[in-house]
**Student:** 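Structure provided below as structure tokens; questions to follow.
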2 protein chains.
Amino acid sequence: MSNKETELYRLSAVEVVSRIQAGQLTVEQYARSLLSRIEARDPVVKAWAYLNPEYVIKQAKAVDAVAPQDRGPLHGVAVAVKDIIYTKDMPTQFGSSIYQGSAPEVDAASIIILRQAGALILGKTTTTEFAATTQGTQTTNPHDPSRTPGGSSSGSGAAVADFQAPVGLGTQTGGSTIRPGSFNGIYAIKPTWNAISREGQKIYSIILDTIGLYARSAADLDLLADVFALQDDDPVSQPFRIEGAKFAICKTMAWDQVGKGTAAAIEKAKELLEAQGAQVEHVELPEVLNGFSEWYSAVINSEGRTAFLSEYRTSKTKISSQLIGQVENKSGISRAAQLVAFDKIAAARPVMDELIGQYAAFIVPSVPDEAPLGLESTGSAAFNLLWTVGLPHSIPDSHKDAKLPY
Amino acid sequence: MSNKETELYRLSAVEVVSRIQAGQLTVEQYARSLLSRIEARDPVVKAWAYLNPEYVIKQAKAVDAVAPQDRGPLHGVAVAVKDIIYTKDMPTQFGSSIYQGSAPEVDAASIIILRQAGALILGKTTTTEFAATTQGTQTTNPHDPSRTPGGSSSGSGAAVADFQAPVGLGTQTGGSTIRPGSFNGIYAIKPTWNAISREGQKIYSIILDTIGLYARSAADLDLLADVFALQDDDPVSQPFRIEGAKFAICKTMAWDQVGKGTAAAIEKAKELLEAQGAQVEHVELPEVLNGFSEWYSAVINSEGRTAFLSEYRTSKTKISSQLIGQVENKSGISRAAQLVAFDKIAAARPVMDELIGQYAAFIVPSVPDEAPLGLESTGSAAFNLLWTVGLPHSIPDSHKDAKLPY
């Protein structure tokens, strides 16, 4: 008997779907296994902002009761949901004391789509305040509790890595999906901006916020991507061959922050690809991106000025100084500067799309190094900002087979 | 005794605030007057998707009970709210049978800000389906019930014009705020995209959706704008003088749709300005905007493809064929075409900002002509699309005094 027989919680989403379909597993059995894992590990990992075991079992039984012909592609797959995404049957607290116990009976569009596909919404996972700050939550890195799991999608990243859920929803405005994905050693995808509806997800920056997906395998991400209709223009006709393909490695403007772990990983990626017959080039960012850090800062601060005005007006004492500073525009970003930043980023998009379109994949670091020690900070998003802001904002037409995270 | 003594519902928001502050009026008295107006006129105008008179009075009494030192700048001002904006104490039904009776207990950011400023949320006003279609609601134009009030903000436009509320919230993705503003003969402003948080407002297109404001005077719009912190970079120091100022009139690419009414109004505007000593120039759109209609169509259809996937999956028989077509991408817009459209629009922004920045104001038609006969269609948004898409997406720095709609 393999580990997976006794430890059902270790199954991938694809395996869960397959076993339930074959009549070898019930959703309730699977849910009970996940709950036992959570019970055992939660005192250390602390990934959950809300989880009600009795309600999970009740839901699992309801999913089991769905007639075979009405079952969806995610039938029985448990999902960890970041707590800035509305769920009609659980509180949504945004990592903020202002919303403690708040539970509007409404599902985000992403949750409606997941439930309709047969998913079991397991619970809500921890997030930094409004997914907007880098001050850590209580959640620890499942590989080493003295380290951060990253953020702001701290709980979803840690829960998926720790086998407490096979897949999870995160969000990203800076590096909030990809960073925890890397720190927790799991697969993460930040889809193209607005490829998945962000209805019912707390807004920080309209032009940056994106839902992100977590899993422990590429196949599971593919399953989720299909449920969310993340389709390319044309179906992929040929299997992709690494041999003879051309890859780019781009160190970006954040390379001065890189540590030994990331530097070695990038070098290893180059070696592995070349060993398979690929051509790998180091590529510099185009000059049109000089000034990017300043533009990003202008955009995020200006959008925060709008986003948190309501909380500022009603509950100023309960929001962090970072957000107060944004609403009060303490960094003094003029509307004119916001406009310039927005336009400069927009002008850089086609240039980057053109550059990236020349390669089978564009390989960039996800994080400066392994997860930092301590839970105070969720780490640096320096390597993520460029891609969050929509560069590229779509997968180039010439590379329709590139479904995985760039 | 003037009309306004006997007909309190005719007061402007500024007058309401002033009278209540002076102790000459209570919120309850004012609310009762509005309710009597609504009772008398609703059988014809039908502007409301939800209105509970008893609850309005209960709220009014609560606002009256607020201690003078805790009163906000909108104390006692009644607001008509388009029914795609969440209100925690009323249903939010999006003009869709899918959401009939749906009432999640959550306020949109705009509603939180209004309540905190002392406003009385009167009720929810009709909207076309998800504010996304042009098929008319039951609401009639208060000036002529055989004509449309426009849409999609049909109810807010009609209610404000008909003295059923002094101010209202609309939204705009195509021409949904400005068009009803014009057809109903009231003042409307579509603020710069994301200048007001759209948290809790149904999403159609992330990059187009904007909250809009209605009133019956510029002073009332100014009051609302202040509450929403629609501030320019620097305070206006000098009163604006029309004499010697330079204005542009732009007929846009939609001029072939213009009717006699709009053509005469534009000509009249030119005459009036010139009579006051202004310089008025006819300005052509720059070549960079050739192709705009196609880009707009690609953007809105692609965003609809994402926005309505959840309703499509759960309730396909209850959504209109237009939205089904968008989700199924019946117009065959590729991801690559969406990308090109997005980039072309972005590239045109700085060009338009530069052009518009040369004038004190840029005068364009709001609608092709007066409100069309019949309630089937809410009319054409042809003159609005260019400005909804963010051209300009901010008021140029050199014209900080231009607070009113362009």
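Within every chain, numbering begins at 1; the chains are lettered A, B, ... in the order of the sequence lines, protein sequences first and strands thereafter.
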**Student:** Main chain of Ser96(A), side chain of Glu129(A): is a donor-acceptor contact present, judged purely on distance under 3.5 Å?
**Tutor:**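 Checked: no pair found.
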**Student:** If the plane angle is over 60° it's perpendicular, under 30° parallel, otherwise tilted; pick one for Trp387(A) and Phe362(A).
**Tutor:**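 Trp387(A) vs Phe362(A) ring planes: perpendicular.
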**Student:** Knowing that exactly one of Asp70(A), Leu120(A), Val63(A) qualifies, which makes a side-chain contact (heavy atoms from CB on, under 4.5 Å) with His75(A)?
**Tutor:**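 Of the listed residues Asp70(A), Leu120(A), Val63(A), the side-chain contact (heavy atoms from CB on, under 4.5 Å) partner of His75(A) is Val63(A).
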**Student:** Of the backbone (N, CA, C, O) and the side chain (C-beta and beyond), which part of Ala109(B) lies under 4.5 Å from a heavy atom of chain A, both, or neither?
**Tutor:**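 For Ala109(B), the contact with chain A is made by backbone and side chain together.
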**Student:** Measuring heavy-atom distances to chain B, does Ala337(A) have an atom under 4.5 Å in its side chain, in its backbone, in both, or in neither?
**Tutor:**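 Looking at Ala337(A), nothing touches chain B.
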**Student:** Keeping the roles fixed (side chain from Lys330(B), backbone from Ile324(B)), state whether a donor-acceptor pair exists under 3.5 Å.
**Tutor:**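 Checking the backbone N and O of Ile324(B) against the side chain of Lys330(B), no donor-acceptor pair under 3.5 Å is found.
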**Student:** State whether the side chain of Trp193(A) and the backbone N or O of Ile206(A) hold a donor-acceptor pair below 3.5 Å, judged by distance alone.
**Tutor:**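 Such a contact is found between Trp193(A) side chain and Ile206(A) backbone.
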**Student:** Do any N or O atoms from the side chain of Thr306(A) and from the backbone of Asn194(B) form a donor-acceptor pair under 3.5 angstrom?
**Tutor:**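 Side chain of Thr306(A) to backbone of Asn194(B): a pair is present.
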**Student:** Hey, which of Ser310(B), Gly332(B), Ala347(B) has the most heavy atom pairs under 4.5 Å with chain A?
**Tutor:**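 Most pairs with chain A among the choices: Ser310(B).
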**Student:** Between Ser302(A), Ala195(A), Ala307(A), Gly200(A), which has the largest tally of heavy atom pairs under 4.5 Å with chain B?
**Tutor:**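 So the answer, after comparing Ser302(A), Ala195(A), Ala307(A), Gly200(A), is Ala195(A).
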**Student:** Under 4.5 Å heavy-atom distance to chain B, tell me which part of Ala229(A) shows up: side chain, backbone, both or neither.
**Tutor:**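 It is both, since atoms from each part get that close.
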**Student:** When you measure from the side chain of Ser315(B) to the backbone of Arg313(B), do you find a donor-acceptor pair of N or O atoms at a distance under 3.5 Å?
**Tutor:**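 Checked: no pair found.
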**Student:** For chain A, which residues of residues 110-118 of chain B have at least one non-hydrogen atom nearer than 4.5 Å to it?
**Tutor:**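 If one takes a 4.5 Å heavy-atom cut-off, the residues of residues 110-118 of chain B near chain A are Ile112(B), Ile113(B), Gln116(B).
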**Student:** Over 60° means perpendicular and under 30° means parallel, so tell me whether Tyr296(A) and Phe292(A) are parallel, tilted or perpendicular.
**Tutor:**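 Tyr296(A) and Phe292(A): tilted rings.
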